[in-house]
Peer 1: 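Okay, here's the structure, questions in a sec.
In this text the structure is predicted, and so the values were computed from the model without any measurement.
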Amino acid sequence: MSASPLRSISSPWRRVRRFVVADRSMEPTLVHGQGLIAISAMRATPGQLRCLEHPAQPGFWLVKRVESVDGTTMRVMSDNVDVDAVDSRRFGPVPVAGSYRVVLTVPRRLM
């Protein structure tokens, strides 16, 4: 199952986290092994890349694109339609709170 699992490394700043993409659900935008730097941000907007915990699997992080925002929740989707990805089509809207906005992508060759 392709769920954009991420490995998460906490920062001492608590608002900044580093993630590593671990599947193909966000290709071609993000690829397996690519690094992400994300910040805690309470305002989500459509089109943003966000890292969030899977709603039914605490500790299992996903990276998805925000499709829409409705107050304090957002619908998130995978970019790669060729894989059976886990996103809001499966688990519905998710809270914006607790998610992280991707602000920098790190190429695999620099990881």
Side-chain angles (χ1 to χ4, degrees):
M1 171 167 60
S2 178
S4 287
L6 300 173
R7 290 181 284 155
S8 170
I9 298 103
S10 292
S11 160
W13 299 329
R14 307 281 297 205
R15 290 192 43 126
V16 177
R17 293 189 76 164
R18 181 175 72 105
F19 297 93
V20 178
V21 178
D23 84 340
R24 299 183 49 223
S25 73
M26 291 302 291
E27 288 180 354
T29 307
L30 303 172
V31 296
H32 178 80
Q34 185 170 11
L36 307 173
I37 304 295
I39 60 170
S40 177
M42 290 302 297
R43 197 177 88 198
T45 58
Q48 281 182 344
L49 293 177
R50 304 286 290 202
C51 297
L52 58 134
E53 278 190 285
H54 189 295
Q57 297 178 338
F60 186 79
W61 287 84
L62 309 170
V63 59
K64 300 295 172 196
R65 186 173 305 281
V66 176
E67 180 181 70
S68 64
V69 181
D70 184 18
T72 60
T73 62
M74 61 185 171
R75 282 187 55 83
V76 294
M77 305 299 277
S78 302
D79 281 359
N80 188 348
V81 296
D82 294 332
V83 298
D84 185 27
V86 176
D87 54 29
S88 286
R89 291 172 286 194
R90 283 223 186 137
F91 50 69
V94 294
V96 174
S99 70
Y100 289 79
R101 179 181 176 204
V102 175
V103 294
L104 181 68
T105 60
V106 180
R108 286 189 329 181
R109 70 181 184 282
L110 298 178
M111 292 299 293

Peer 1: Given the rule in the side chain to side chain contact (heavy atoms under 4.5 Å, CB included) test, do Arg75 and Arg89 qualify, once you have shown the distances and angles that lead to the verdict?
Peer 2: CA-CA 8 Å; Arg75 282 187 55 83; Arg89 291 172 286 194; 4.1 Å; yes
Peer 1: Could you report the tightest heavy-atom contact between Gly33 and Arg108, atom names first, then the distance?
Peer 2: C-CG, 3.5 Å
Peer 1: Hydrophobic cluster membership, with links at side-chain heavy-atom distances under 4.5 Å among I/L/V/M/F/W/Y: are Leu49 and Val31 in one?
Peer 2: no
Peer 1: Can you tell me how far OG of Ser99 sits from CD of Glu53, rounded to the nearest 0.5 angstrom?
Peer 2: 11.0 Å
Peer 1: Examine Leu110 and Val20 and state if one hydrophobic cluster contains both, with Ile, Leu, Val, Met, Phe, Trp and Tyr joined whenever side-chain heavy atoms are less than 4.5 Å apart.
Peer 2: yes
Peer 1: Heavy-atom distance under 4.5 Å between the side chains of Val83 and Ser78, does that happen here?
Peer 2: no
Peer 1: My understanding is that only residues two or more places apart in sequence, or in another chain, count here; which of them pass side chain to side chain contact (heavy atoms under 4.5 Å, CB included) with Pro46?
Peer 2: Val69
Peer 1: I would like to know whether Arg43 and Val96 meet side chain to side chain contact (heavy atoms under 4.5 Å, CB included); could you show each step before the answer?
Peer 2: CA-CA 7 Å; Arg43 197 177 88 198; Val96 174; over 6 Å; no
Peer 1: If I take atom CG from residue Asp87 and atom NE2 from residue His54, how far apart are they, to the nearest 0.5 angstrom?
Peer 2: 9.5 Å
Peer 1: Return the CZ to OG1 distance between Phe19 and Thr105, rounded to the nearest 0.5 Å.
Peer 2: 14.5 Å
Peer 1: Once side chain to side chain contact (heavy atoms under 4.5 Å, CB included) is applied, do any residues pair with Gln48, and if so which ones, sequence neighbours excluded?
Peer 2: Ala44, Thr45, Arg50, Val66, Arg101
Peer 1: Hey, what do you get for CZ (Arg65) to OG1 (Thr29), rounding to the nearest 0.5 Å?
Peer 2: 4.5 Å
Peer 1: Does Val76 belong to the same Ile/Leu/Val/Met/Phe/Trp/Tyr cluster as Phe60, with side-chain heavy atoms less than 4.5 Å apart forming each link?
Peer 2: yes
Peer 1: With rounding to the nearest 0.5 Å, note down the distance linking OG in Ser88 to CD in Glu67.
Peer 2: 7.5 Å
Peer 1: What's the separation between atom CG in Leu30 and atom CG in Asp79, rounded to the nearest 0.5 Å?
Peer 2: 7.0 Å
Peer 1: Closest heavy-atom contact between Ser40 and Tyr100?
Peer 2: N-CD2, 3.4 Å
Peer 1: Tell me whether Phe91 is reachable from Met77 by hopping between hydrophobic residues (I, L, V, M, F, W, Y) whose side-chain heavy atoms are closer than 4.5 Å.
Peer 2: no
Peer 1: Applying salt bridge (charged side-chain N to carboxylate O under 4.0 Å, His left out), can you list everything that pairs with Glu27, at least two apart in sequence or on another chain?
Peer 2: Arg24
Peer 1: Using the side chain to side chain contact (heavy atoms under 4.5 Å, CB included) rule, pick out the option among Asn80, Val63, Leu62 that qualifies with Met26.
Peer 2: Val63
Peer 1: How far apart are the closest heavy atoms of His32 and Ala22, and which atoms are they?
Peer 2: ND1-C, 3.1 Å
